[in-house]
Number of protein chains: 2
Amino acid sequence: MIPRTLNDYISVDCVIFGYNDNELQVLLVERTLTNESTKEIEFTDLTLTGNHIYEDETIEDAAYRVLFDRTGLDNVYLEQFKAFAHPDRLKKDKDRKWLIHDGRDPDKRIISIGFFSLISTRDIIVESKCGIAKWIPLSEIGELAFDHNQIVDEALKALRNKIKHEPIGFELLPEKFTLTELQNVYEVVLGTELDKRNFRKKIGRMKYLIPLDEKQKGVAHKPARLYMFSRDVYEKTKKEMFDFTV
Amino acid sequence: MIPRTLNDYISVDCVIFGYNDNELQVLLVERTLTNESTKEIEFTDLTLTGNHIYEDETIEDAAYRVLFDRTGLDNVYLEQFKAFAHPDRLKKDKDRKWLIHDGRDPDKRIISIGFFSLISTRDIIVESKCGIAKWIPLSEIGELAFDHNQIVDEALKALRNKIKHEPIGFELLPEKFTLTELQNVYEVVLGTELDKRNFRKKIGRMKYLIPLDEKQKGVAHKPARLYMFSRDVYEKTKKEMFDFTV
DNA sequence: CACACTTAGTGTATTTTTTACACATACCAA
DNA sequence: TTGGTATGTGTAAAAAATACACTAAGTGTG
């Protein structure tokens, strides 16, 4: 196999959002620092999923590749939201020997192109070939490696902004979902409470939300009707949408 | 002066939008190709305003610097919208010797971080130290250098999207403007006609639009009242705004 | 099998926003 | 004085947003 060339100082980093336990969660990877002589673990850390970009792929290709290597998932919602480049990008790592280390010169800085992805937490196999990944609730994220805290913050801003104007809440749910689940996603992402009746009245107008002849199973209460999102209907109707603020 | 180091394969490119003659315009720079022996001009070309990023500045710093070097303007609206990296980025330039040439290896590709800027065309001195810049109406942009057509397209998309949800139309106008001018900006950017009375009713609700005790001068008709945008009022009231689409 | 528990699902009245639409006004110039 | 031109304004009807509370349909338990 011919080795692909890559640019050492550009990478994509992906903030993978999931929804679980009524919270927005982020999939993070454990990075391990070992003592060189004793071989004992000295320190662990959490990072976003990221990697270099090969010279023969577009930025989006690289992001899909990175996401696939991490989650085994294809065809998921992925969006580029911002590029980052802090001069002190790697400073705090200078003297450390990480087991999972990207081998870059810590004196040079990295340009990181930030993506966020929305996936249904049910879909994902969390253990992959490249280290252990964990779902961490947004509220419990501590200090991450590199400038990843800032990237997560900006990703959340971008997500909030996007979800206000485009129907992407579904992406955090399984294919079939109930209206209560959908409402919860919006509440969690936006950090607001929404009125159940008004929420339903509003989405009732959206043609792309398809009610199914199927109900929730295995719940100890009245089972809710299931719904699906129709991308086709959405693409057709979105041209009609037009709202603007002066 | 100590030379600053830079990364040769990352640049910022800025799509500078202006509004004039009831059209959206883009400020483009002429690039000149000369015949090496005869010294005659063989070919000219238009490019966006762009440059490398120094190792000691953030991406935003670089973009402001580039914009300042081109326009002499500071404190203008500038927004990062997308990063670009096409493997064939420089292919079509391979055999050419450009007068204004960035000296990069045309076999390697460049990652370009795209910004768009909104400025009032009245503010700008079009001739600067780095080549001749021209305002070109969006509708008359032909084939640009590199992948700059794609960058302009995406910038326009980003601008349209942004102007629908945030009050940035003012940025294309002088500090004091009439409501008709503002309406025209929206019509031109969004490519729609808007009803005058409804437009005024709508912005009448926006507190950040401050009517002045001043009128247009030198027009051969009833002079219109002038208005200003108040960033302060906007920052205060925008927290109250909340709209979302399911 | 009846009762308790839990979440699903629904309607109405009020206010606000959107939409469609036409004419008098103020200034300049000839 | 008059003609030209862009400004500035109101209303009625439809649609959307908001605030608000009870019945329905299942499961599990005694």
Side-chain angles (χ1 to χ4, degrees), chain A residues 19 21-22 163-165 167 169 173-174 176-188 190 192-228 237-238 240-246, chain B residues 19-22 164-165 167 173-174 176-188 190 192-228 237-246:
Chain A
Y19 164 78
D21 300 326
N22 256 3
I163 207 174
K164 280 183 200 167
H165 309 296
L173 293 172
K176 298 170 184 183
F177 50 84
T178 70
L179 295 185
T180 303
E181 285 168 337
L182 186 60
Q183 185 180 335
N184 276 331
V185 165
Y186 279 86
E187 290 179 333
V188 163
L190 294 170
T192 332
E193 296 228 319
L194 300 172
D195 178 85
K196 202 205 314 192
R197 278 180 288 190
N198 294 339
F199 181 84
R200 283 160 190 247
K201 207 183 300 174
K202 188 164 182 171
I203 59 180
R205 268 179 255 129
M206 308 299 157
K207 308 275 175 59
Y208 48 74
L209 193 62
I210 315 291
L212 304 174
D213 286 328
E214 222 177 312
K215 304 209 159 180
Q216 233 179 355
K217 272 175 192 152
V219 288
H221 54 78
K222 177 173 176 179
R225 162 169 244 144
L226 296 175
Y227 288 77
M228 271 186 63
T237 57
K238 78 172 168 183
E240 301 160 21
M241 288 189 219
F242 181 78
D243 69 324
F244 82 97
T245 310
V246 183
Chain B
Y19 165 77
N20 231 338
D21 300 326
N22 256 3
K164 280 183 201 167
H165 309 297
L173 293 172
K176 299 171 182 182
F177 50 85
T178 69
L179 295 185
T180 303
E181 286 168 337
L182 187 60
Q183 184 181 335
N184 277 332
V185 164
Y186 278 87
E187 289 180 334
V188 163
L190 294 171
T192 333
E193 295 229 320
L194 300 172
D195 179 85
K196 202 203 316 192
R197 279 180 287 192
N198 294 338
F199 181 83
R200 284 160 189 247
K201 206 183 299 172
K202 188 163 182 170
I203 60 179
R205 269 179 251 127
M206 307 299 157
K207 308 278 175 56
Y208 48 73
L209 193 61
I210 315 291
L212 303 174
D213 287 329
E214 222 175 312
K215 303 208 160 179
Q216 234 180 353
K217 272 172 193 154
V219 286
H221 55 77
K222 177 173 177 179
R225 163 170 245 145
L226 296 174
Y227 288 77
M228 273 186 63
T237 55
K238 78 171 170 184
K239 285 157 212 153
E240 300 159 22
M241 290 187 218
F242 181 78
D243 71 322
F244 81 97
T245 310
V246 181

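As the structure is a computational prediction, the values presented were derived from the model and not from experiment. Reminder, nothing fancy here: chain letters follow the sequence lines and each chain counts from 1.
Among the candidates B:T180, B:L182, B:D195, the single residue satisfying the side chain to side chain contact (heavy atoms under 4.5 Å, CB included) test with B:R200 is B:T180.
The two residues B:L212 and B:K176 have their closest heavy-atom pair at CD1-CG, 3.7 Å.
Heavy-atom nearest nucleotides on DNA chain C were determined for B:K202 and for B:K196, and the one closer to the 5' end corresponds to B:K202. Looking at which nucleotide of DNA chain D each of B:R225 and A:K215 is closest to, the 5′-most match is held by B:R225.
Between the CG atom of A:L194 and the P atom of D:dA19 there is a distance of 11 Å, rounded to whole Å. With rounding to whole Å, A:N22 atom CG is found 11 Å from C:dT7 atom P. Separating the CE atom of B:M206 from the C1' atom of C:dT18 is a distance of 12 Å, rounded to the nearest angstrom. One atom, NZ of A:K217, and another, P of D:dT27, lie 11 Å apart when rounded to the nearest Å. What separates CZ of B:R200 from C1' of C:dT19 is a distance of 17 Å, to the nearest Å. For the pair A:D195 CG and C:dG9 C1', the interatomic distance rounds to 13 Å; values are reported in whole Å. The CD-C1' distance, from B:Q216 to D:dT5, rounds to 12 Å in whole Å. Atom CZ in A:F199 sits roughly 18 Å away from atom C1' in D:dC20 (whole-Å rounding).
In this pair, B:H165 and A:H165 present their aromatic rings parallel. The plane angle is below 30°, not in the 30 to 60° band. Using cut-offs of 30° and 60° for the angle between ring planes, the B:F244 and A:Y186 rings count as tilted.
Rounded to the nearest 0.5 Å, atoms CG (A:N184) and CG (A:L194) are 9.5 Å apart.
Listed nucleotides: D:dT9, C:dT18, D:dT18. Nearest to the side chain of A:K201: D:dT18. Between C:dA8, D:dT27, D:dC20, one nucleotide has an atom nearer to the side chain of A:N198 than all others, and that is D:dC20. For B:K222, whose side chain is taken as the heavy atoms from C-beta onward, the closest listed nucleotide among C:dA8, C:dA29, C:dT25 is C:dT25. Considering only side-chain atoms of A:A224, the nucleotide from C:dA8, D:dA6, D:dA19 that sits closest is C:dA8.
Between A:R205 and D:dA17 there is a side-chain polar atom (N or O) within less than 4.0 angstrom of OP1 or OP2. Here B:T180 does not reach the OP1 or OP2 of D:dA6: none of its side-chain N or O atoms lies under 4.0 Å away. Side-chain nitrogen and oxygen atoms of A:R197 include none within less than 4.0 Å of the OP1 or OP2 phosphate oxygen of D:dA19.
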